[in-house]
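One structure is given below, encoded as structure tokens.
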2 protein chains.
Amino acid sequence: MLTTERKALIQQVLRRDGRLIAKSFAYELGVSEDTIRRDLRELAAEGLLQRVHGGALPASSATADYPARQSTASSSKALLGLAAARLIQPGQIVFLDGGTTNLQLARQLPLDLKATIITHSPSVAVELACHPSVDVELIGGRIFKHSIVAMGSTSAEAISRIRADIFFMGVTGLHPETGATTGNGEEAAIKRLISRQSGETIVLATEEKLGAASPYQIVPLAEIASIIREPGTDEKSSRLFRSVAIKVLQANAPKQD
Amino acid sequence: MLTTERKALIQQVLRRDGRLIAKSFAYELGVSEDTIRRDLRELAAEGLLQRVHGGALPASSATADYPARQSTASSSKALLGLAAARLIQPGQIVFLDGGTTNLQLARQLPLDLKATIITHSPSVAVELACHPSVDVELIGGRIFKHSIVAMGSTSAEAISRIRADIFFMGVTGLHPETGATTGNGEEAAIKRLISRQSGETIVLATEEKLGAASPYQIVPLAEIASIIREPGTDEKSSRLFRSVAIKVLQANAPKQD
DNA sequence: CTTGACTCTGCACGATATTGCACGAATTCT
DNA sequence: AGAATTCGTGCAATATCGTGCAGAGTCAAG
């Protein structure tokens, strides 16, 4: 049994079961617990999993991660959402990605907007169900619990039959060289597909995502039409993106209206 | 059971139910109350929940949202949901209809249940996204805003490719002569389709629906396997349904556990 | 072919974490 | 007020962890 092989297996088990018990896994593989523990320690050092007493959990498991992010839904995301919502023209077909920022966008849609919103996020669909005039088209598929969106072949097929005018894409990183990135390979593939089915792709980027990079590339920067950033973001990075012909729009500071 | 995992579970239950009883949760997990109390204390120290006598509540922010959910979830629907959740065997494929009663059902699924839940209700999908062990398959389609479920030809096509073991169907009327009925023709058609793709169809009926009829028939009584009714419902009507070979199960009255 | 450097693995052992129980204090219910 | 829970702490048993160390295997240079 190769070390690398074993480590791959560990990550596979984590993805499958969402947990790994050091003791039982060692027995299963016929190696000592020490070896497994060593593997776990090393993988944890690389940030590939979360080491806990007794075994390991996925790095950013569905168990702890999403709700934590949910609570970070700050007012800046609402501002981004509002700025994005204003870009939508009546009658357009808009694809809304999952994630808290896009959920904010859904919440900010003008109540008199007539448009078709397509989404693979059940949360966004629920949010829009009480909007009086937009049509909502839900993409089905297997629910990916980490980010609560539909994924898999069913989703991909449904998406491939649709052409949207705008895609508001959620990312976890946006970097001049690595482009738009996210933390999951399959997720990246789905986003890429949606992006290519859409007239233009717009990224809503909170400050911490600008200049950051995650493991999986969705698309290179060239395929992104615009970036909407928070007010107060460092102007330097914006210039960097503008230099590759991307529009960088700044969300307005809060105003009394 | 890893300690970290258990703590994550505690927070999940808190988000799901809005509260946690130390004693019953300890029993549910098969650990001592001391262990749970210790966890609660530690989580409280991190500000992740609010410790109260007998158990815990979500950390302040979410507390406000609990009474809201509590009110929409009348206790009788929760009871119906619980009774229904117990009918699901591990490994089964279950189709969950939309509606508040089925949302309750989703909320009541045992945390250790391994099954596949299919639904065309984004609300149910969101609710189940934080369930640790069920797979969730979302049916896409145009969102019908009145009942917040996906409908239309896309949904019908996706449904027709699936065979489920059980279908928990929401209805607005259940009458010995008109059968199961609902208020919208297209909705009735979709429910009928799901019912015919499923091994058995089970209706969760709150008291006001028994003996009532709505404009559109979904299926005749003969195609319904069981009805789950609230405790305290008039026994006469149950006999009527039993006479056409339908099992009528009664949800248990609340018990102290 | 031999030697030496290197890696991987399993074992030993002290350190640390977790758990369940006991018991008195605090809280809630009646 | 009195009974019944629930709570918190101390404690002992057990499980798990991390580290140092030695043997086995690998590989490349000599």
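Sequence lines set the chain letters: A, B, ... in the order given, protein chains first and strands last, and positions in each chain run from 1.
In this structure the side chain of B:Met169 never reaches within 4.5 angstrom of the side chain of B:Ile202, judged on heavy atoms.
Evaluation of atom-type donor-acceptor distances gives a pair under 3.5 Å for the side chain of A:Asp34 against the base of C:dC11.
Remark: A:Thr3 is in phosphate contact with C:dT9, judged by side-chain N or O atoms under 4.0 Å from OP1 or OP2. A sub-4.0 Å separation between OP1 or OP2 of D:dT6 and a side-chain N or O of B:Lys23 is present.
Rounded to whole Å, atom C1' of D:dC7 lies 17 Å from atom CG of B:Leu43. Put simply, CG on B:Leu40 is 14 Å from P on D:dT9, counting in whole angstrom units. Rounded to a whole Å, the CD atom of B:Glu42 is 10 Å from the C1' atom of C:dA17. In this structure, A:Leu29 atom CG and C:dG10 atom P are separated by 10 Å, rounded to whole Å. Following rounding to the nearest Å, B:Arg41 (CZ) and C:dT18 (P) show an atom-to-atom distance of 13 Å. Here D:dC7 presents its C1' atom at 15 Å from CD1 of B:Ile21, a figure rounded to the nearest Å. Summarising the geometry, the separation between CD on A:Glu33 and C1' on C:dG10 is reported as 11 Å, rounded to the nearest angstrom. Here C:dT7 presents its C1' atom at 17 Å from CD of A:Glu5, a figure rounded to the nearest Å.
Nearest to the side chain of A:Arg6, among C:dT9, D:dT9, D:dC17, sits C:dT9. Here the side chain of B:Arg37 is nearest to one of D:dT6, C:dG20, C:dG10, namely D:dT6. The side chain of B:His53 lies closest to D:dC7, out of C:dG20, D:dC7, C:dG10. Residue A:Thr35 places its side chain closer to C:dG10 than to any other of C:dG10, C:dG20, C:dA17. Here the side chain of B:Arg38 is nearest to one of C:dT19, D:dC7, D:dG20, namely C:dT19.
A salt bridge links B:Glu5 with A:Arg19: at least one charged nitrogen is closer than 4.0 Å to a carboxylate oxygen. Under 4.0 Å is where a charged nitrogen must lie from a carboxylate oxygen, and between A:Lys7 and A:Glu42 at least one such pair does. Between B:Glu207 and B:Arg229 there is no salt bridge, since no side-chain N of the basic residue sits under 4.0 Å from a carboxylate O of the acidic one. In this structure, A:Arg142 pairs ionically with A:Glu186, as a charged nitrogen and a carboxylate oxygen lie closer than 4.0 Å.
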